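Because the structure is a prediction, the values reported are computed rather than measured. Residue numbers start from 1 in every chain, and the chains themselves are labelled A, B, ... in the order their sequence lines are given, proteins ahead of strands.
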Amino acid sequence: MTSFALPRGLDRPRLADALQRYGVYAAVLALLVFNGIFTDHFLTADNLRTQLVQVSPVVIVALGMALVIGTEGVDLSVGSTMALSGALLPLYLGYGLLPSLLVALLAGVVVGLVNGSLVSLVGLQPIVATLALFVGGRGLALVIADGQLKQIENTDLLSLGTDSVLGIPVVVLIAGVLAAMVAGLVQRTTFGRQLVAVGGNRRAAALAGLPVRRVLIGVYVICGVLASLAGVLATARLTASDPSSLGNLMELSAITAVVVGGTPLTGGSVRVLGTVFGALLMQLLHATLVTHDLHDSTAQMVQAGIILVAVYVARERRAR
Amino acid sequence: MAPPEAAAAQSAPPGPDGPGDPAAPPAPVLEAVGVSKRFPGVVALDDVSFTLRAGEIHALVGENGAGKSTLIKILTGVHRPDEGELRLGGEPVAFHRPHEAQQAGISTIYQEVNLVPLMSVARNIFLGREPRTRLGLVDFRRMHRETAELLGGFGITADPRRPLHTLGIGTQQMVALARAVSVRARVVVMDEPTSSLEPREVETLFRVTGDLHARGISLVYVSHRMDELYRICDRVTVLRDGRLVHTGDLADTDRVRLVSMMLGRELARVRKEAAEGHDDGRTPAAEPVLTATGLSRRHLLDDIGLDLRPGEVLGLGGLLGSGRTETAKALAGALPLDGGEITVGGRRLRRISSAAAIRAGISLLPEDRKAEGIVPGLSVRENIVLAALPRLSRFGFISRRKQDRVVDIFMKRLRIKAAGPEQKVGELSGGNQQKVLLARWLCLEPRVLLLDEPTRGIDVGAKAEVQTLIDELAAEGLAVLLISSELEELVEGADRIVVLRAGSVAGELTGDDVTEGGLLTVLAETAPDAVPQPAPEAGDPPDAPAQAEAEAEAEDAPGAEGEPDGVPDPRKEDPR
């Protein structure tokens with residue numbers, strides 16, 4: 001079937017397979033090498049720290065998204081969920097950081113319950129089910145915040161965005177710990193394996209007596225909670241709650257990270273480390289292009305190209 | 001054996017003149033000559049010829065994989081034959097697209113109605129050829145008028161403005177027929193039109209087919225229901241494994257012979273084998289482990305009851321569409337039921353769900369291995385432990401050690417050939433995939449194992465292994481329900497056979513009656529309630545009232561069947 005000659009033992013499907021599996025790591029490495037040679041002051045601790053801090057909210061949201069996509073779904077409401085938790089946060093800061101944090105995360109739970117119920121109980125398609133809260137969630141956030149940007153003065157919350165432990169920013173630490181937890185969830189727990197099975201063949205999973213509905217609802221709840229946590233951290237970094245712009249286009253960044261990381265949109269597989277590196281790749285790519293004085297719009301087009309390659313590779317592999 | 005009035009119903013139209021008629025048969029309207037079609041890995045049709053004469057109703061029969069649908073798709077321009085040619089009215093034709101076949105006067109009515117549900121009845125009938133006003137706009141008035149006339153001609157009164165989906169399935173099918181006729185079809189292909197119809201809707205359908213027949217339109221009629229075939233069809237073509245087995249007048253072909261041709265068993269051989277004994281030394285327990293009564297589901301199952309004893313293999317026989325798979329699914333809690341109860345080990349299942357059935361010890365090996373069985377992207381190990389995950393975990397965390405032990409045991413016992421437990425199941429052969437699925441269920445230590453076509457599509461070696469395994473499992477005290485389209489497998493594997501027809505139990509074979517001949521006889525028998533009685537014998541069969549009522553209604557108001565309001569349409573509550 002190959003239309004052009006390739007080295008023996010490396011036919012097209014296997015090449016595609018390898019690309020989907022390891023492409024993202026190779027790309028990140030290549031970018032780092034490129035920048036090490038051609039970009040001044042790129043491979044410095046300061047710059048890398050900045051990049052990691054910036055990518056952390058995307059990573060956190062993308063982890064949840066990866067789980068949802070693993071079940072053959074998608075969650076468009078993550079950006080709005082961030083806005084919602086950002087809007088709720090300042091309302092309860094008077095009681096201290098912990099209560100307001102809990103309220104913000106509770107918003108994520110509620111969003112996840114609604115999404116999950118619409119998908120699993122009502123049987124809506126995920127893209128439609130989550131579109132409701134994509135639109136409604138941000139509206140609700142604006143109502144809650146009265147359409148206003150609110151400055152954050154709680155020092156506990158602000159320190160979440162600025163503190164470091166052993167030179168690593170707290171935000172990055174949280175993202176790293178969450179990535180490890182999600183990886184453990186997927187690989188080591190019954191829930192995680194059931195999630196993958198549901199995504200791989202839902203009818204077979206149902207016939208095998210798996211709690212398909214519970215798994216689906218659980219997945220959307222986890223995704224909602226992660227998004228709301230990302231909203232809290234982003235608010236802390238911004239030092240202001242801004243429900244009108246917080247998390248805008250986040251759903252697209254998260255989906256991009258997941259897809260570029262090698263998780264197929266057809267479900268049945270979740271690549272946690274790939275997702276983290278997918279987010280990193282997009283972040284580094286953007287930074288590289290911007291530092292080389294390419295306009296933001298050019299950066300977006302290059303990103304679009306990467307996404308196309310990732311999707312094409314996934315398609316090629318499936319077509320075997 | 002044909003219903004008595006079948007001949008009477010068919011005598012009015014000009015078509016069949018009886019088998020021994022000396023007159024030359026009517027000219028063929030549509031012919032397929034020496035047609036072959038290959039798909040990757042399969043020969044779907046192998047040098048098949050098919051002749052449809054003008055004005056006849058031609059039955060096309062065969063079991064799964066016989067090549068019926070491929071032949072239909074070739075006749076209707078969906079596929080193009082690799083070899084052979086199509087002739088329409090004697091002239092060779094080649095259809096590149098379904099549209100061209102339609103233009104040439106060949107209409108198809110699929111099992112699932114292929115119309116636009118949200119459009120009105122009239123728009124559906126005139127789709128793509130709407131009458132225009134002088135301004136070039138759609139002439140709705142004319143369209144509605146002509147639709148009403150057309151439907152009226154079939155004895156249907158339905159508002160042409162109504163969206164199609166608000167009508168009952170039967171009426172929708174009439175609309176599809178009306179469309180076929182109004183595009184001046186010469187040939188109408190009907191693929192299992194009655195599978196989702198109520199008995200009285202079937203009557204209306206037959207009236208319409210009779211009407212088409214009278215107009216000289218030829219019909220190709222695909223169905224598995226013997227009674228229907230003998231009632232309305234003139235000739236029959238039997239396909240098996242992509243080859244033509246038989247073409248001839250239906251009146252000359254008795255039912256047992258037709259069934260044996262479909263299933264590929266020669267009667268003479270069957271009778272000889274029957275003389276040989278049937279003994280495998282199993283002694284089933286006296287008390288059933290599973291008892292099911294009154295399993296019912298609209299259109300699919302009608303009051304099915306059976307019981308399964310530990311240590312026996314109960315065969316479930318029946319032709320395609322008789323409800324075998326549905327029965328197995330119902331027992332495994334995977335088919336929502338309208339009524340009925342299932343008792344396992346003396347305890348009644350309160351909620352019928354897959355999880356509940358599995359907890360009670362019922363495991364189902366589904367028919368469609370790819371769609372309902374394997375999770376192709378997961379490893380052999382994960383596919384085996386899928387259903388047992390909670391049992392092999394502590395506090396929600398999986399234990400690889402426990403998994404590996406179980407997987408090792410079953411990979412050895414079932415001789416699963418894979419590179420290792422971590423190989424993806426999607427990469428294995430069909431036989432090994434099937435063994436993986438068997439392992440998935442066996443590691444749950446079930447009390448009842450339901451096997452739906454366990455050896456379909458697997459190679460001969462694996463097949464024998466699976467059959468041996470079934471025997472071993474029964475000998476170990478498991479209750480096994482075996483579904484197989486292969487008579488030989490069913491008769492050899494089963495201690496007892498329950499035969500289904502049209503969703504209800506048609507008979508049971510026990511002891512020395514478990515032979516292919518005995519099975520064929522039951523399969524070919526007339527279904528008593530499928531023959532419309534000229535005078536309904538109310539209260540004769542136990543579940544007759546509803547049936548008799550429907551028939552009485554059909555006779556009282558023959559014009560009203562199509563009226564949408566006359567159909568209470570409980571289908572809306574149907575979760576499908």
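Taking both residues in full, the closest heavy atoms of A/Q187 and B/I398 are given as O-CD1, 3.3 Å, listed atom of the first, atom of the second, then distance. Taking both residues in full, the closest heavy atoms of B/A387 and A/A208 are given as CB-O, 3.5 Å, listed atom of the first, atom of the second, then distance. Counting all heavy atoms, side chain and backbone alike, B/A355 lies closest to A/G209 at CB-O, 3.9 Å. For the pair A/A204 and B/G373, the tightest heavy-atom approach, listed with the atom from each and the gap, is CB-O, 3.1 Å. The minimum heavy-atom distance between B/K370 and A/N201, with the atom names listed, is O-ND2, 3.1 Å.
Of the two parts of B/E382, only the side chain, counted from C-beta on, holds a non-hydrogen atom closer than 4.5 Å to a non-hydrogen atom of chain A. If you measure heavy-atom distances from A/A197 to chain B, the contacts under 4.5 Å come from both the backbone and the side chain. For B/L444, no part lies near chain A; criterion is any non-hydrogen pair under 4.5 Å. Heavy atoms of B/P366 lying under 4.5 Å from chain A belong exclusively to its side chain. With a 4.5 Å cut-off on non-hydrogen atoms, B/A371 touches chain A through its backbone and its side chain both. Of the atoms belonging to A/Q194, heavy atoms from both backbone and side chain fall under 4.5 Å from chain B.
With respect to B/L389, the side chain to side chain contact (heavy atoms under 4.5 Å, CB included) criterion is satisfied by exactly one of A/L210, A/T190, A/T189: A/T190.
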Stepwise side chain to side chain contact (heavy atoms under 4.5 Å, CB included) check, A/R193 with B/L378 | CA-CA 9 Å; A/R193 298 328 290 166; B/L378 292 186; 3.9 Å; yes
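When the shell of 6.0 Å around CG of A/L102 is examined, it contains more than 12 heavy atoms from other residues, nucleotides or ligands. With a 6.0 Å radius and a threshold of 12 heavy atoms from other residues, nucleotides or ligands, B/E422 has its CD atom above the threshold.
Within the model, atoms OG of B/S399 and CZ of A/R188 stand 10.5 Å from one another, a figure rounded to the nearest 0.5 Å.
Considering only heavy-atom pairs separated by less than 4.5 Å from chain A, the leading option among B/G333, B/P376, B/G396, B/S393 is B/G396. Between chain A and the options B/A388, B/S353, B/S354, the largest number of non-hydrogen pairs under 4.5 Å is found for B/S354.
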